[in-house]
Amino acid sequence: MGIAKIYDPLIIENKWLVKWEKEDFFKSEPNEKNPYTILIPPPNVTGILHMGHMLNNTIQDILIRKARLSGYNACWVPGTDHASIATEAKVVNKLKEMGIKKHELTRDEFLEHAWDWTNKHGGIILNQLKQIGCSCDWSRTKFTLDKDMYESVQNMFIKLYDEGYLYRDKKIVNWDPEAKTTLSNEEVIYKEKTTKLFYLKYKLESSEEFILVATTRPETIFGDTAVAINPNDKRYKNLVGKKLIVPLVNRVVPIVGDKSVDSEFGTGYLKVTPAHSEKDFEIGLRNNLDIIDIFNDDASLNDYGMHYKSLDRFSVRKKIINELDEKGLLDRAEDYTHNIALSERTSCVVEPKLSTQWFVRMKKLSKPALDLVLNGDIQFYPKKYVKTYKNWLENIRDWNISRQLYWGHRIPVFYLKEDKSKYVVCLSSSEAVKLFEEKYNIKNLNSDEIVQDEDVLDTWFSSWLWPISVFDGVRNPDNSEIKYYYPTSDLVTGPDIIFFWVARMIISGNYLRQDIPFRNVYFTGLVRDKKGRKMSKQLGNSPDPDILIKKYGADGVRVGLLFCAPAGNDLLFDDTLCNQGKNFSNKIWNAFRLIDGFKIDESQKRKSHNEFAIKWFNENLNMKVLSINESFNNFKISEALMNLYKLFWDDFCSIYLEIIKPEFGKGVSQKLKRSTLTFLEKLLTLLHPFMPFITSEIIDQIVSYKNFNIIKSNWPESIKFDSEIIENFNYSIEIVSKIRHFKKQNMLSFKDDLKIYFENDLMDNQIGIVKKLTNCDLIKKQIKGKDSETSFIVGKYGYVVDQKNKILNEIDVDKLKEELNYNLGFKNILEKKLSNENFVSNAPKEVIQKERKKLEDVKSKIEILEEGIKKQNN
RNA sequence: GGGCGCUUAGCUCAGUUGGUUCAGAGCACUUGGUUUACACCCAAGGGGUCGGGGGUUCGAAUCCCUCAGCGCCCACCA
């Protein structure tokens, strides 16, 4: 036999990677077929593949390959995301290592470095996706900063502005002092920490009395412009109209009443710093307070910080507490555990900061998006995320889209240098000059008299256009591609970006095209290690995909991942599952070896049980294809794989092949070999989405299928199956199991041939199968009374084993009795149920019918069992 | 604080509209097996009062209440 005994994925997978690349198998263009479209959730351009990506993209590849096999024009668009803050942070770090500080560079110089970085590291991840077999249309690869994508983003901004969905406002935003940019709420993470709660003395004006104010941030007293108290607080009445002196600063500030103050917290007094807390800012608005910003962009203190000017906020905190203490202005300090806001990207403490930003008005824009999901136009798998989605949309807030970064889509707004309150929104400065004339009647502006907004847009502002912009549907809404491919079919992503991305794509899709962006959303779980911990660099528990692939093959890893990935559940990844996948590859390989080695020999007598096995496997295949399709329709991908795994391993190898396998040295008929190859071909087609490499290779090696392209072949059709054939066949397998069990219990070897007498009708081909799989003869014989010295019951037909002496005594009568008791109990319950008027009158007819059938079955079973026990006792 | 979800065999999970041939799968485990595709294998087997308690019902893993444990998302208080 020329084929290797052990399947070696490495060589074969590489061979197919090259071939797929060369022959452009995955290319898609609009045609007369129905489209099936998936857009990759674009990974960070400079990122590398982790387990989450693997899972995600394997699922996408399975869906897309299945669709391709099912006759759709399958199009999977790959691409990468510029990931503005994440990438910029990496570049800043890189520059730091080189001794260059970002602020020493001009915008253009910085961008040059960023592009160098991107060109150097970009695309690695796409190559890794190829390694795991992703069948993307690589000619369509997009990058969110490509020229057309860039323009799409800016066009969207302009459209939204023109239609009144954008505004510029001063608000308290989350400020990342390290990256020196604002963050969206979604980019802020909270961590519990124990810090100190300081009680500071605020003297009443022209009095020696003081009140205590509790704060965790004593360094912000420089920005205090009031102290607030809840108007329902009893102390409030005595204090109205009085003033306090801010310690150290000696600023005189009013006491104001505000319902948002929690009287239970601290002393019930809240120092109000409108520039550095959202809540304080609102109190400030309500009470007309001054706003004093005390920080520089890096969160060091500015001129208002007096002698602490230029020092960092945290060192000021330490120093100012000492000073307050020395001056008797600190009453006490207590431990206090609360949540600290941290930047997702730089991990530094977020500083609330007042600043002017661009916002998207979300309420009206997002209104239709909720219905699209609630009424089922868009389906979520698993369903539970509909509620999460609903909850967010119902409480949606305006979206801050400005980011004080260089790397990204620059905001297309031009300001008059002289007076920045005057601005126009457009693509270029030459257009801006015209618009200034129209809008403000300012004529003959020089281009150096206007300046473009320094900020870029939030990364997600480009992401929410992804399903439209990859087909150029923002700039050209009527082009043939967008009309053909949009709406896309499925989106596969993690639930962690349901708000960042999924919801916003639905919103933008509805806004731009009055249509959904995708029909189904499949949420994958988080990949954890087998102890349930998140995978992280620090723990070192995240396996390297390249190493996994080398060890188990891409097919093996794909199968391993899918074995543990029910939709929406986190999956506990374990190497051994990949090993199971690898073993499965080997099993498939060896099944092929066996079949391939069949010699044709027409002189063999036709065996009826072979025909029966073929019939059975055909019907069984029809049945399993139906259930696999059903699993696919419900996005139960791992269920589909498990069914296939069992179909191939148990049904095809352990049963079918074991039956039709010729005895040593003998051959098979042409017809049998052809049928078997047809089954193998169908199974490989079914397996292809999960294991594209090995299935391609084997199909390629089956001689008669040389020109058969598995990628585009037809998914086996199935509408119905003959359940009688399946039942009859299964019964013989049931007998086989019982006989094997019997042999094992009686310490007989597989080779020992027994004569087994049976009383009821069995078909010849059923007998043939038992004979082939157990090496035992089944002989039909009416057994009367004492003749049946050795009887052993299985199933509803009952049969008798005659092995002269030893077996007889070891037959387990207790087992039979146990089974009898169970069935008697069952019968009791059924009879009780059926004689219960409440049941008969209340339960649906079909249920009653079913119960009656059960009763009949159980009665005949009891009869057989009783007879069997009687025979044993004789 | 607001919202969502989970608890079924040693592990990871299936169990659609309540109906005892649904208590199931894979892995792990135990036992036996190797000249004849595969030990990356074959065969057989043992495991669970479906988290606790209560209720609805003729009937509950499935519906309701409650207790206990776990997890996620959102908001964030000085």
Side-chain angles (χ1 to χ4, degrees), chain A residues 1 3 5-7 185-186 190 197 213-217 220 228 260-262 264-266 269-273 277-280 336 338-339 341 382 384-388 390-392 394-395 397 495-496 498-499 526 530 532 556 563-564 566 568-572 574 576-577 579-580 582-598 634 636 638-639 642-643 645-646 653-654 657-658 661-665 737 740-745 747 749-751 822-823 825-826 829-830 832-833 836-844 846-848 850-851 853-854 857-858 861:
Chain A
M1 207 173 275
I3 307 168
K5 194 164 162 178
I6 302 284
Y7 175 65
N185 290 332
E186 288 80 3
Y190 292 88
L197 186 61
V213 174
T215 180
T216 55
R217 302 201 58 194
T220 63
S260 69
V261 178
D262 175 7
E264 302 295 313
F265 188 89
Y269 293 103
L270 168 69
K271 69 189 221 38
V272 183
T273 323
S277 150
E278 191 171 352
K279 182 170 176 172
D280 290 14
Y336 177 56
H338 62 137
N339 284 332
K384 64 178 176 185
Y385 289 112
V386 172
K387 288 183 181 170
T388 311
K390 181 168 179 255
N391 195 258
W392 186 72
E394 283 174 345
N395 298 296
R397 309 205 293 177
D496 50 331
I498 189 166
F499 311 132
L526 235 62
K530 65 177 166 189
F563 269 144
C564 57
N569 280 15
D570 286 357
L571 60 106
L572 307 191
D574 187 350
T576 61
L577 289 167
N579 200 45
Q580 201 184 333
K582 184 187 169 197
N583 292 352
F584 188 36
S585 303
N586 196 53
K587 185 73 184 175
I588 297 169
W589 185 250
N590 274 288
F592 161 61
R593 276 180 73 222
L594 173 69
I595 300 165
D596 190 64
F598 284 165
N634 293 301
K636 296 187 172 181
S638 27
E639 183 182 276
M642 185 50 73
N643 279 330
Y645 178 81
K646 288 190 280 191
C653 294
S654 297
L657 288 180
E658 287 302 324
K661 185 165 86 175
E663 280 156 46
F664 186 56
S737 290
R740 284 169 172 171
H741 176 51
F742 177 81
K743 279 186 170 176
K744 168 131 181 158
Q745 272 199 326
M747 315 281 276
S749 134
F750 168 75
K751 286 176 188 159
Y822 174 83
N823 281 289
F826 187 27
I829 289 165
L830 289 173
K832 220 163 146 189
K833 193 186 276 185
N836 181 332
E837 266 184 46
N838 269 327
F839 173 70
V840 181
S841 54
N842 291 333
E846 302 124 20
V847 173
I848 298 171
K850 237 164 110 184
E851 298 300 297
K853 173 89 168 59
K854 282 183 198 167
D857 289 352
V858 100
K861 205 169 199 169

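The analysis underlying the following values was restricted to heavy atoms, covering all of them including side chains, and did not include hydrogens, waters or symmetry mates. Proteins get letters first, then strands, A, B, ... in listed order; numbering begins at 1 in each.
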For [N], the Watson-Crick or wobble partner whose two distances fall under 3.5 Å:
| N | result |
| --- | --- |
| B:rA68 | B:rU7 |
| B:rA25 | B:rU12 |
| B:rA43 | B:rU31 |
| B:rG1 | B:rC74 |

Please write out the pairs of protein N or O atoms and N or O atoms of nucleotides 69-72 of chain B separated by less than 3.5 Å, giving the distance to one decimal.
none

For A:Phe598 and A:Leu594: C-alpha separation, side-chain torsions, deciding distance, then whether side-chain contact (heavy atoms from CB on, under 4.5 Å) applies. CA-CA 7 Å; A:Phe598 284 165; A:Leu594 173 69; 3.9 Å; yes
Expressed in angstrom and rounded to an integer, what is the separation of [X] atom [atom1] from [N] atom [atom2]?
| X | N | atom1 | atom2 | result |
| --- | --- | --- | --- | --- |
| A:Arg397 | B:rC74 | CZ | C1' | 10 Å |
| A:Asn339 | B:rC77 | CG | P | 9 Å |
| A:Asn643 | B:rC13 | CG | C1' | 14 Å |
| A:Tyr7 | B:rC38 | OH | P | 18 Å |
| A:Met642 | B:rA14 | CE | C1' | 10 Å |
| A:Glu639 | B:rU16 | CD | P | 12 Å |
| A:Leu657 | B:rU36 | CG | C1' | 15 Å |
| A:Lys636 | B:rA25 | NZ | P | 17 Å |

Between atom [atom1] of [X] and atom [atom2] of [Y], what is the distance when rounded to the nearest 0.5 Å?
| X | Y | atom1 | atom2 | answer |
| --- | --- | --- | --- | --- |
| A:Asn583 | A:Asn590 | CG | CG | 11.0 Å |
| A:Phe499 | A:Thr388 | CZ | OG1 | 6.0 Å |
| A:Leu572 | A:Leu526 | CG | CG | 10.5 Å |

Are OP1 or OP2 of [N] and a side-chain N or O of [X] less than 4.0 angstrom apart?
| X | N | answer |
| --- | --- | --- |
| A:Asn583 | B:rC41 | yes |
| A:Lys5 | B:rC38 | yes |
| A:Ser260 | B:rC77 | no |
| A:Ser638 | B:rC13 | no |
| A:Lys587 | B:rA37 | no |

Look at all strands and tell whether [X] reaches a base, only sugar-phosphate, or nothing, counting heavy atoms closer than 4.0 Å.
| X | result |
| --- | --- |
| A:Ser277 | nothing |
| A:Lys279 | base |
| A:Val261 | base |
| A:Thr576 | nothing |
| A:Glu663 | nothing |
| A:Lys390 | nothing |
| A:Leu572 | sugar-phosphate |
| A:Tyr269 | nothing |

Check side-chain hydrogen bond (donor to acceptor under 3.5 Å, both in side chains) between A:Ser260 and all other residues, then give those that pass, not counting sequence neighbours. A:Asp258
Minimum heavy-atom separation for A:Asn586 and A:Lys5, please, with both atom names.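 For A:Asn586 and A:Lys5, the tightest heavy-atom pair comes out as OD1-O, 3.8 Å.
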Which nucleotide in the set B:rC74, B:rC38, B:rA44 lies at the smallest distance from any side-chain heavy atom of A:His741?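 Output: B:rA44.
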Under the 3.5 angstrom rule, does the side chain of A:Asn391 hit a backbone N or O of A:Lys387 as a donor-acceptor pair? no
Is the backbone of A:Lys636 close enough, under 3.5 Å, to the side chain of A:Asn634 for a donor and an acceptor to pair up by distance? no
Under-3.5 Å donor-acceptor pair between A:Glu278 side chain and B:rA75 base: no
Per the atom types in the model, does the base of B:rC38 pair as donor or acceptor with the side chain of A:Asn586 at under 3.5 Å? no
I'd like to know whether CD of A:Glu663 has more than 12 heavy-atom contacts from other residues, nucleotides or ligands below 6.0 angstrom. no
List, with names and distances, any nitrogen or oxygen atoms from the protein found under 3.5 Å away from nitrogen or oxygen atoms belonging to nucleotides 2-8 of chain B.
from: B:rG5; atom 1: OP1; to: A:Lys387; atom 2: NZ; distance (Å): 3.1

Syn within 90° of 0, anti beyond: B:rG26 is anti
C1' gap between B:rA60 and B:rU20, integer Å: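 It works out to 11 Å between them.
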